[in-house]
Amino acid sequence: MNELKITLPDNSTRIVEKGYTPQDVANDIGPGLARSVVVAKVNESLKDLNIPFTEDCHLELLTAETPEGHNTLLHSAAHLMAQAVKFYWPEAKLTIGPAIDNRFYYDFDVKETFTDDDLVKIDSKMHELSKEDYPCIRCEISRKEAYTLFEKMGEDYKLEILEDIEDEELLTSYSQGDFIDLCRGPHVPSTGKIKYFKLLSTSGAYWRGNENNKMLQRIYGTVFHSKKALKKYLFLLEEAKKRDHRKLGKELKLFTFDDEVGSGLPLWLPNGTVMIEELETLAKDTERKAYYDQVRTPHLTKGSLYEKSGHLEHYKDSMYPAMDIDGTEYYVKPMNCPHHHKIYASSPKSYRDLPVRLSEYGTCYRYEKSGQLFGLMRVRSLQMNDAHIYCTKEQFKEEFLAVCNMYLYYFKIFGIEKYSMRLSLHSKEGLGKKYVNEPQLWEKTERWVREALIEGKFDFVEVVGEAAFYGPKIDVQVWSAIGKEFTLATNQVDFAVPKKFNLTYKDENGDDQTPLCIHRAPLGTHERFIGFLIEHFGGNFPLWLAPIQVVVLPVSDKVIAYSEKVVSFLRDLNIRVKLNDRPDKIGSKIRQAEIDKINIMLIVGEKEESNLSVSIRRRFDGDMGKLSLNDLKNLLVSEISNRRLTHS
RNA sequence: GCCUGCGUAGCUCAGUAGGUAGAGCACUUCCUUGGUAAGGAAGAGGUCACCGGUUCAAAUCCGGUCGUAGGCUCCA
């Protein structure tokens, strides 16, 4: 049989001779596709374009505009970069060079570190190598051949990688010019396909991501199918920097850090404090409606409490060291749970009392290592929107789902659409170490959580080895403006600690039972949540959340008295209003208000004074004409009390 | 914690064959009373992050500390 049947995505078929390759098919279809195709999908698996067909198959020809094609291009660009690095640093040892979200990197073991000048040098060498258009040649090799080859080349890391590859797996190498790498592929057919790239940054990175291993030199870069797409990506990176909460936090005077206070310890300025207060008000309203009770607990606690809870054992390194008080060790609290357990235990409980929902906006302190600190997203003093729900097994599902739905309720208020729910599970290897050694309980609670999520129709992904030490959890992941991933909110099941604290309730038969505990923080920490909101809104907060809601701008000194009346009228309505009575022109005052991202500007002159009105100008909308004070009141009060989203 | 940058006025930044500092904005005062993104003038403001070293002389060179940026590792 010398003929094969190739089925294309539109279900059309082509009969080709044996020896035909995906690239040949692309050439037959047209020169445009022949040029832009980077990789083939043959019966659902990705293959190089120049591997001949061996059987009848489905074929999809992918350009770098598709996610999988882009991935292949990124990966090939990593090889091209490695080739350029090897040209200048022949002694550099290769490790790994994968594609990641819109970028690629390659880790090298080199004596010196790469400088910005080196990047320029490597970049231009890459362009040369691209112009040479070396074919990327795939070669199947035996384990022994691979071992001999890479040993001869002195590529120690490749030898280590070889040892980890399963015996039966097919080994392949890829070469282009005089560069050769152990790689599974697939790759673009030749280096000429890699044209529109830019090297972005360098950094250190541990071999195999283990901090006990040697630190390697990493170079990040990006590549796209067109110059336009590359420029667009670089532009987006620049735009993202403008939304960075650290930059906006300074510009909008929300928070600050001071060397003499200490790193990771934010000082909340008046504007930022307003936002915290608004968040707490929202949380209190929401929790009151959901039958939570608020509690308060101290910042200091004896070490024995954390020994009992297991926190000292699991998190001692990230707790502030103990202070000796009259011979007893005390710690500043890194979390509120043990205190809430003690509140639960302060009086006997019946099944009729459950669920018990205790909430607190407590400040905790965690000794995050210096390198982990990141603006408001990772801090050492944090205010948690915390609560613990104690319930029976029968109540668990409903309570758990109610918490998940509370997330969604909040997300709707803030217009948060891009997030991902992660079901974080334990790992078998971690039992007795990272995780409490209760294999059956783990299985059982993980099943409950999974079932609850499915029943509640939540989309989620499961990740092994990300659970809390006492149980599985749901983490809501979001991304900061500059692309860092963060856990914004968390919902955790605890089947272990209530037992350690001897928490009980009497069931219908008068027997003691241990409640389950749900730890939840839908608004995470105020620090991180506000950091996220700053970037989410780009500093243009909805009116209810804005530190300064309204600014009154008198056209001249003649109307200052009337302006002050407008201000006190609004202040009496609990609206956060400021008066700009500086002797500047109105244009200058408007400009200042725009820079401060103030939502509503009220322009007041003699015309307005004559009929007790104001001229309203809204950010993004411009001049919106005159309004009577009463209409103004209705507009503002309705928008604020409904927590309306004014703009995205 | 680790790797590599960086740290000059409140903010954004200039300032190298080492010779004790400059701009714009902001701030203060005065003039201007102006209608939807910058009116004008004058003034004040810095132990060049901190500590130590080299030197006749250090913002500049070297070492350390602290802070910060990009990553790595970690995150109850």
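Chain letters run A, B, ... following the sequence lines, proteins first, then strands; residues in each count from 1.
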Students often get this wrong, so: under 4.0 angstrom with heavy atoms, is [X] touching a base, only sugar-phosphate, or nothing?
X	value
A/G587	sugar-phosphate
A/Q492	sugar-phosphate
A/R582	sugar-phosphate
A/R218	sugar-phosphate
A/I603	base
A/H314	nothing
A/Y105	nothing
A/G371	base
A/F469	nothing
A/S309	nothing
A/D259	sugar-phosphate
A/K589	nothing
A/R378	base
A/F257	nothing

Practice task
For A/K250 and for A/P554, locate the closest nucleotide of RNA chain B by heavy-atom distance; then report the residue assigned to the nucleotide nearer the 5' terminus.
Solution key: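 Residue closer to the 5' terminus by nearest nucleotide: A/K250.
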
Handout entry: First of A/D475 and A/G209 reached from the 5' end of RNA chain B, by closest nucleotide
Key =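 It is A/G209, whose closest nucleotide lies nearer the 5' terminus.
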
Can you tell which of [options] lies closest to the side chain of [X]?
X	options	answer
A/H311	B/G34, B/A76, B/C74	B/A76
A/I586	B/A76, B/G35, B/C74	B/G35
A/A205	B/A76, B/G35, B/C72	B/C72
A/P334	B/G71, B/A76, B/C3	B/A76

Once hydrogens and angles are ignored, does a donor-acceptor distance under 3.5 Å link the base of [N] to the side chain of [X]?
X	N	result
A/R366	B/C75	no
A/E368	B/G1	no
A/Q217	B/U4	no
A/Y206	B/G71	no
A/R208	B/C72	no
A/S318	B/A76	yes

Which class fits the ring pair [X] and [Y]: parallel under 30°, tilted 30 to 60°, perpendicular over 60°?
X	Y	answer
A/H341	A/Y390	perpendicular
A/Y320	A/Y367	perpendicular
A/Y306	A/H311	perpendicular
A/F541	A/F537	perpendicular

According to a strict under-4.0 Å criterion, is [X] in side-chain N/O contact with OP1 or OP2 of [N]?
X	N	answer
A/S370	B/G1	yes
A/K369	B/U73	no
A/S588	B/G39	yes
A/K253	B/C11	no
A/T202	B/U4	no
A/Y435	B/A76	no

Problem - Donor on one side chain, acceptor on other, A/D109 and A/Y157, under 3.5 Å - result: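 Side chains of A/D109 and A/Y157: pair found under 3.5 Å.
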
Check: [X] side chain, [Y] main-chain N or O, donor-acceptor pair, under 3.5 Å:
X	Y	answer
A/K589	A/N580	yes
A/R380	A/Y365	no
A/K86	A/A92	yes

Problem - Distance flag, aromatic centroids of A/W89 and A/F114, threshold under 6.0 Å - result: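 Ring-ring flag for A/F114/A/W89: true, centres closer than 6.0 Å.
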
Say you pick atom [atom1] in [N] and the same atom in [M]; how far apart are they, in whole Å?
N	M	atom1	result
B/C25	B/A38	P	14 Å
B/G64	B/G5	P	12 Å
B/A59	B/G22	P	14 Å
B/U32	B/U36	P	22 Å
B/G71	B/C30	P	49 Å
B/G46	B/A23	P	14 Å
B/G35	B/C48	C1'	45 Å
B/G70	B/A76	C1'	27 Å

How many whole angstroms separate atom [atom1] of [X] from atom [atom2] of [N]?
X	N	atom1	atom2	value
A/I474	B/A76	CD1	P	14 Å
A/M215	B/C3	CE	C1'	5 Å
A/L305	B/A76	CG	P	19 Å
A/E238	B/G70	CD	P	13 Å
A/K626	B/U36	NZ	C1'	11 Å
A/Q592	B/A26	CD	P	7 Å
A/F374	B/C75	CZ	P	18 Å
A/M377	B/G70	CE	P	12 Å

Watson-Crick/G-U partner (both atom distances under 3.5 Å) of [N]:
N	result
B/U33	none
B/A57	none
B/A17	none
B/A42	B/U28
B/G52	B/C62
B/G70	B/C3

Handout entry: Reported CG-to-CG distance for the pair A/L533 and A/L248, which is rounded to 0.5 angstrom
Key =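 CG of A/L248 is found 12.5 Å from CG of A/L533.
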
